[in-house]
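One structure below.
A, B, ... follow the sequence lines: proteins, then strands. Residue 1 opens every chain.
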Amino acid sequence: YSSPQHNKTSRRELLLIRWEEERSTDGSKWRFLEHKGPVFAPPYEPLPDKVKFYYDGKLMKLAAPAEEVATFFAKMLDHEYTTKDVFRKNFFKDWRKEMTSEEKSKITDLNKCNFAGMNEYFKAQSEARKQMSKEEKQDNERILQEYGFCIMDNHKERIGNFRIEPPGLFRGRGDHPKMGMLKRRIRPEDIIINCSKDSKHPKPPPGTKWKEVRHDNKVTWLASWTENIQGSIKYIMLNPSSRIKGEKDWQKYETARRLKKCVDRIRNQYREDWKSKEMRIRQRAVALYFIDKLALRAGNEKEEGETADTVGCCSLRVEHINLYPKLDDQEYVVEFDFLGKDSIRYYNRIPVEKRVFKNLQLFLENKQPGDDLFDRLNTSILNKHLQELMDGLTAKVFRTYNASITLQQQLKELSSDDSVPAKILSYNRANRAVAILCNHQRAPPKTFEKSMQNLQTKIDEKQKQLSAARKQLKAAKAEHKASHDDKSKKAVEVKRKAVQRIEEQLMKLQVQATDREENKQIALGTSKLNYLDPRISVAWCKKFGIPIEKIYNKTQREKFAWAIDMAEKDFEF
DNA sequence: TCCCCCACTTAGAATGGGGAGT
DNA sequence: ACTCCCCATTCTAAGTGGGGGA
């Protein structure tokens, strides 16, 4: 950052030009890739004998394999998961697979297992670890330096997840049929390494082998393995600050900006299609309208019974919507109520155009609650159609586009003469509007009520202070009225200032309380990280002289380095 | 056309570490 | 120095969407 602005900019522009040129060739993602391979979970250490496990009230010593799996459960005792039937059932089934035949014949009922001793032991352990955190920190740092980076095309790049996931109990979100199942330990023999032929290949731990070493530069991952719960592949990939991720991110926003140029045409088109003679075209047009207007996800089909029952737009079922020809003072209201990604509930009531409403009534005819709303549509059909409307257009581009354009519009409406803290508050409001659009929710933090109470206490105290200060001011005024001397005049001024200061402090606390309350169930991070073109925020900061640190923390600045360099104050999404 | 596989982005929860307040 | 709380970071699950083969 020591170089002059114009140099920095042109360097970055050149880099982007280079990115673009390199991209357009043969689909290869890199020319050289060298890394040290992943870091494995530490081997299991059997519990000391003082840690007791009881079955049916009787002390029992488990052999290492069953003991290890028992510790996974014991560590989660305080978690709600361990009270759920499905979790317990899946856990117990998988746990029994790890038992010796003797253990298996004795342990037949999970309810008779007492893990309390183990649980206490691990709590004590994590306390102890906190005490000696210095050494551990150094250790982590050493591992990070050794395994946390790779060389890709002449650049040292940070790896995102260089540690292999440790074994444990699967924690699915929502009503997941597989929750509690044993996630098995990953060994070197499970790992496929990807690197360049002419690089120094990573060595497997002594006495082990990799499953495979390949040299595929059409993909970006450094290592992969197949996970045993869903049978899906997991990858080790680079950090968001890397060239390969940044470039992709930039492309994503460029595609969304291209959508901006033709979105009017597309909107007119789907409105026309609401009138089509063909059912499949009407369904496609209504679904696209929802994706555009409500920022719904595409909604791929899912394998029944393998995952939680969640839906997106194309997979909506009859039971997920209600139609109200009239509701309160509005006409043609559609009520949505379904579980989306991560089993987050989407609930919304929106008035739609009459034509959409009539179409929905048509789609619902002769259907059961469990039937598909759009029975002639799926994401593949929709995306093929979108591809014809614009090169590179898919359903998810609408989410990116609508999120980013919303932020830009909201920021434009702000008054420019606010103070910096007021501007930042407004920025967060705009961010929040996007998070609400995208339905980014979170569980209220466990400490939420308490921290709100603390804040309220502060506010109450401040209010008391204020009324005391006001009384003093009043007294000082009376004093001055009586004496009319300079000293009392000064005293009035002093008291007036104090009142003003306390008023400001109170205001600040109240704003903070409002902000926190409004954020109770809303997660801002996801939209900031994945949907809002960072150049909008960077341009806004530059235009109003707001330090970028007020908007993006260190990690975010690293991820968005390309945008921070590239965007000038007049950038338009 | 359908299905399955693969690679990648997007997601909320859990964890950890450091700073503010006492 | 200590505690508590908050935010950054880490973790890994859960989506999207393309491609290939039956």
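Residue Asn383(A) places at least one side-chain N or O closer than 4.0 Å to OP1 or OP2 of dG17(C). Within the structure, a side-chain polar atom (N or O) of Thr526(A) is placed less than 4.0 Å from OP1 or OP2 of dG12(B). For dT9(B), the OP1/OP2 oxygens have no side-chain nitrogen or oxygen of Tyr531(A) closer than 4.0 Å. Applying the 4.0 Å criterion to OP1 and OP2 of dT10(B), one finds that Lys396(A) has a side-chain N or O inside that range. Side-chain nitrogen and oxygen atoms of Thr310(A) include none within less than 4.0 Å of the OP1 or OP2 phosphate oxygen of dA14(C). Contact annotation: His79(A) does not reach the phosphate of dA13(B) (side-chain N/O to OP1 or OP2, under 4.0 Å). One finds no side-chain N or O of His176(A) lying less than 4.0 angstrom from the OP1 or OP2 phosphate oxygen of dA13(C). Taking 4.0 angstrom as the limit, Arg173(A) places none of its side-chain polar atoms (N or O) nearer than this to OP1 or OP2 of dA14(B). In this structure, Lys183(A) reaches the dA13(C) phosphate: one of its side-chain N or O atoms is under 4.0 Å from OP1 or OP2. Considering only side-chain N and O atoms, Asn300(A) lies under 4.0 angstrom from the phosphate OP1 or OP2 of dT16(C). Side-chain N/O atoms of Ser380(A) include none lying less than 4.0 angstrom from OP1 or OP2 on dC2(B). Within the structure, every side-chain polar atom (N or O) of Gln230(A) is placed at least 4.0 Å from both OP1 and OP2 of dA13(C). In this model, the phosphate group of dA11(B) is approached by a side-chain N or O of Arg297(A) to a distance below 4.0 Å at OP1 or OP2. Checking the phosphate oxygens (OP1, OP2) of dC6(B), no side-chain nitrogen or oxygen of Lys218(A) falls inside 4.0 Å.
Of the candidates dA13(C), dG18(C), dT12(C), dG18(C) carries the atom nearest the Thr394(A) side chain, counting heavy atoms from C-beta on. Comparing atom distances between the Asp342(A) side chain and each of dT12(C), dA14(B), dG12(B) picks out dG12(B) as nearest. Relative to the side chain of Arg158(A), the nucleotides dT10(C), dG17(C), dA8(C) differ in distance, and dT10(C) lies closest. Distance from the side chain of Lys248(A) is smallest for dT9(B) among the nucleotides dT9(B), dA13(C), dG15(C). In this structure, of dA13(B), dA11(B), dC6(B), it is dC6(B) that holds the atom nearest to the side chain of Ile233(A). Listed candidates were dG17(C), dG12(B), dA7(B). Nearest to the side chain of Ala395(A) is dG17(C).
Along DNA chain B, the nucleotide nearest Glu301(A) and the nucleotide nearest Leu529(A) are compared for position; the residue whose nucleotide lies closer to the 5' end is Glu301(A). The 5' end of DNA chain B is approached more closely, in terms of each residue's nearest nucleotide, by Asp216(A) than by the other of Asp216(A) and Asn140(A). Checking Thr379(A) against Lys554(A), the closest nucleotide of DNA chain C that is more toward the 5' end is the one next to Lys554(A). Each of Asn553(A) and Gly160(A) lies near DNA chain C, and the nucleotide nearest Asn553(A) is the one positioned closer to the 5' end.
Here Pro240(A) lies out of heavy-atom contact (under 4.0 Å) with every strand. In this structure, Gly312(A) reaches neither bases nor backbone, as no heavy-atom distance under 4.0 Å exists between it and the strands shown. Here Lys29(A) lies in heavy-atom contact (under 4.0 Å) with sugar-phosphate atoms only. Using a 4.0 Å heavy-atom criterion, one finds that Gly340(A) contacts the sugar-phosphate atoms exclusively. Using a 4.0 Å heavy-atom criterion, one finds that Ala308(A) contacts no nucleic acid atom at all. As judged by a 4.0 angstrom heavy-atom cut-off over every strand, Lys341(A) is placed among the base-contacting residues. Within the nucleic acid shown, Gln441(A) comes within 4.0 Å of sugar-phosphate atoms alone, with no base atom in reach, counting heavy atoms only.
Spacing between atom CD of Gln251(A) and atom P of dG18(C) amounts to 13 Å, rounded to whole angstrom units. Atoms NZ (Lys559(A)) and P (dT10(C)) sit 14 Å apart, rounded to a whole Å. Across the protein-nucleic acid pair, His440(A) atom NE2 and dG15(C) atom C1' stand 11 Å apart, rounded to whole Å. Summarising the geometry, the separation between CD on Glu127(A) and P on dG17(B) is reported as 14 Å, rounded to the nearest angstrom. Rounded to whole Å, atom P of dC8(B) lies 11 Å from atom CG of Asn217(A). Put simply, CG on Asn530(A) is 13 Å from C1' on dT16(C), counting in whole angstrom units. The nearest whole Å value for the distance from the CD atom in Glu165(A) to the P atom in dA13(B) is 18 Å. One atom, CD1 of Ile291(A), and another, C1' of dT16(C), lie 11 Å apart when rounded to the nearest Å.
Judged by atom type and distance alone, Lys245(A) does not reach the base of dT9(B) through any side-chain donor-acceptor pair under 3.5 Å.
Taking the centre and axis of the six-membered ring of Phe170(A), the NZ or CZ atom of Lys183(A) falls outside the cone set by 45° and 6.0 Å.
In this structure, a donor-acceptor pair under 3.5 Å is present between the side chains of Tyr531(A) and Arg399(A).
The only member of Asp309(A), Asp337(A), Asp375(A) that meets salt bridge (charged side-chain N to carboxylate O under 4.0 Å, His left out) when paired with Arg317(A) is Asp309(A).
Atoms CD and CZ, on Gln145(A) and Phe149(A) in that order, are 5.0 Å from each other to the nearest 0.5 Å.
Checked against the 6.0 Å centroid threshold, Phe338(A) and Tyr347(A) do not count as a close aromatic pair. Between His201(A) and His35(A), the gap from one ring centroid to the other reaches at least 6.0 Å. Taking the six-membered ring for Trp and the full ring otherwise, the centers of Phe162(A) and Trp221(A) sit at least 6.0 Å from each other.
Annotation: Lys302(A), atom NZ; neighbour count of heavy atoms from other residues, nucleotides and ligands within 6.0 Å is above 12.
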